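These notes are about the structure you will find just below.
Start at 1 with the first residue, then count along the sequence. Whatever order the structure lists ligands and atoms in, that order sets their numbers, starting from 1. Everything numeric in this text was worked out from a predicted model, so none of it was measured.
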Amino acid sequence: MVMNQSPSTTTVPASSPLREAIRAAVESVRADTPMAQSFTNFVTINLVANAQLAAGGTAAMSFLPDDVIDIAAISGATYINVGTLLPFYKDALGEITKALHEKRHRWVLDPVAAGLGATRTRILDGMRDVPPAVVRANASEILTLESMWNPEHAGPADDGAHGPAGVESTDDVDTAARAAERLALYLRSKDAEGLGAVAVSGETDLVTDGKRTYRLPGGDPMMTKITGAGCALGGVVATYLCVADPLVAALAASLLFKRAGERAAAASAGPGSFQTAFLDALWNTDADDVASSTIWEA
Ligand SMILES: Nc1ncnc2c1ncn2[C@@H]1O[C@H](COP(=O)(O)OP(=O)(O)O)[C@@H](O)[C@H]1O
Ligand SMILES: Cc1ncsc1CCOP(=O)(O)O
Ligand SMILES: [Mg+2]
């Protein structure tokens, strides 16, 4: 489906500091091969690592708190995903996120299935005071996490929200726009440098730092027919976070995925070949392709 531009948005000009920053992030990852470690779910862990490599970075997966905290010292950023919960996660994630916050080490959270089950809620609630630099999630997860974390939560501004979902979204991206902006402001209020961003994925992605909000059309519905496109996107946001600020990292990764999804759909015949084509497309999509993408500013 082709998404039309809303009359209330403008297109970010072809030549702009934002596009230059996105281009620089993509080039810098290709040139410097930064490492972003992950504590992620065991369904999609392989795709996350391969996507990070295909974007030009490197990967390291770990689940032992001491190890994750030690690796943070040589990792440009960390990716944390709560998709598949194991008994030890309850204590491990609290210990890790507290240490990352104390070290001012930047990390990305994918709150997979936020709102589903008391244990996941307890784990995410435990991150409220030590939050990440970037939250990357689908619309339902953003709506749930924002209402859980933000003391300024404005109530029913997100009319039409469907509440907690499984790993798939039951809400559209626009429904979560205000919540994403409030969540981004909350992240920034907790960051030592006042930086933070939220990336909401869907048919048209939304990326915001709470003050500026961008919409990124494109991609392909086939991206929802493989497991882990969202998780891999979170991992690649962490890869870009090694070299760029949270807003630019979230934009660069989201745009790379949109362009790669389009290429992969054109080159594949179904979910199996799409996943392979998608990794190839991440590898073959260059900084020009990413930085010249359509970007609408709200
Ligand atoms: N209907 C769609 N059309 C085009 N791209 C999509 C669509 N749905 C999701 N995507 C893309 O797929 C990737 C994963 O997003 P999403 O499926 O929302 O995440 P999650 O797997 O966490 O629910 C993102 O790059 C997003 O832009
Ligand atoms: C199927 C599944 N179950 C727990 S985590 C997970 C993967 C979710 O991946 P994504 O959020 O990228 O769709
Ligand atoms: Mg997800």
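Distances below 4.0 Å separate heavy atoms of V167 from the following atoms of ligand 2: 2 (C), 3 (N), 4 (C). Close contacts of ligand 2 with G230, meaning ligand atoms under 4.0 Å from a residue heavy atom, involve 12 (O). Atoms of ligand 1 lying under 4.0 Å from any heavy atom of G230, numbered from 1 in the order shown and given with element: 14 (C), 19 (O), 20 (P), 21 (O), 22 (O). Within ligand 2, counting atoms from 1 as listed, the ones closer than 4.0 Å to a heavy atom of T84 are 4 (C).
Regarding atom 9 (O) of ligand 2, its nearest protein heavy-atom neighbour is C231 SG, 3.1 Å. Among all protein heavy atoms, the one lying closest to atom 13 (O) of ligand 2 is G228 N, 3.8 Å. For atom 12 (O) of ligand 1, the nearest protein heavy atom (residue, atom name, distance) is M223 CB, 3.4 Å. The nearest heavy-atom contact from the protein to atom 8 (N) of ligand 1 is T224 CG2, 3.2 Å. Among all protein heavy atoms, the one lying closest to atom 23 (O) of ligand 1 is N138 ND2, 2.9 Å. With hydrogens left out, the protein atom closest to atom 2 (C) of ligand 1 is E203 CA, 3.5 Å, a heavy atom. The shortest contact between atom 1 (C) of ligand 2 and any protein heavy atom is with T227 OG1, 3.8 Å. In terms of protein heavy atoms, atom 4 (C) of ligand 2 is closest to G83 O, 3.4 Å. When only non-hydrogen protein atoms are considered, atom 18 (O) of ligand 1 lies nearest to S201 OG, 2.7 Å.
Between E181 and T213, the side chains place a donor N or O and an acceptor N or O closer than 3.5 Å (distance only, hydrogens not considered). If you check the side chains of N50 and N46, you find a donor sitting under 3.5 Å from an acceptor.
Residue Q52 holds its CD atom at 8.5 Å from SG of C242, rounded to the nearest 0.5 Å. Atom CZ of R23 and atom CG of D289 lie 10.0 Å apart (nearest 0.5 Å). Once rounded to the nearest 0.5 Å, the distance linking CD of E146 with CD1 of I142 reads 9.5 Å.
At least one heavy atom of V167 sits under 4.0 Å from some atom of ligand 1. The shortest separation from a heavy atom of S169 to ligand 1 is not under 4.0 Å, leaving the residue out of contact. Heavy-atom separations between G218 and ligand 1 include at least one value shorter than 4.0 Å. Using 4.0 Å as the threshold, G202 has a heavy atom nearer than that to some atom of ligand 1.
Between the side chain of E141 and the backbone N or O of A113 there is at least one donor-acceptor pair closer than 3.5 Å. Between the side chain of E102 and the main chain of A99, no donor-acceptor pair closer than 3.5 Å is present.
Looking at R136 against ligand 1, only its side chain comes within 4.0 Å, counting heavy atoms. The proximity of A232 to ligand 2, defined as any non-hydrogen pair under 4.0 Å, does not occur for either the backbone or the side chain. At a 4.0 Å heavy-atom cut-off, ligand 1 touches K258 through the side chain alone. Proximity of V112 to ligand 1, defined as any heavy-atom pair under 4.0 Å, is not found for any part of the residue.
Residue K190 places its NZ atom among more than 12 non-hydrogen atoms of other residues, nucleotides or ligands, all under 6.0 Å distant.
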side-chain contact (heavy atoms from CB on, under 4.5 Å) between T9 and Y214, worked out: CA-CA 9 Å; T9 64; Y214 301 98; over 6 Å; no
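For ligand 2, none of its N or O atoms has an N or O atom of V43 under 3.5 Å away. Some N or O of D205 is nearer than 3.5 Å to an N or O of ligand 1, by distance alone. Residue E141 has no nitrogen or oxygen atom sitting less than 3.5 Å from a nitrogen or oxygen atom of ligand 1, judged on distance alone.
A chain of hydrophobic side-chain contacts below 4.5 Å, direct or via other Ile, Leu, Val, Met, Phe, Trp or Tyr residues, connects F63 to I96. L195 and V198 end up in different hydrophobic clusters when Ile, Leu, Val, Met, Phe, Trp and Tyr side chains are linked at under 4.5 Å. Linking Ile, Leu, Val, Met, Phe, Trp and Tyr residues whenever their side-chain heavy atoms come within less than 4.5 Å leaves M61 and I74 in two separate clusters.
Classified by interplanar angle (parallel below 30°, tilted 30° to 60°, perpendicular above 60°), the ring pair W149/Y186 is tilted.
A side chain to side chain donor-acceptor pair (under 3.5 Å) with R215 holds for exactly one of D174, D205, T204; it is D174.
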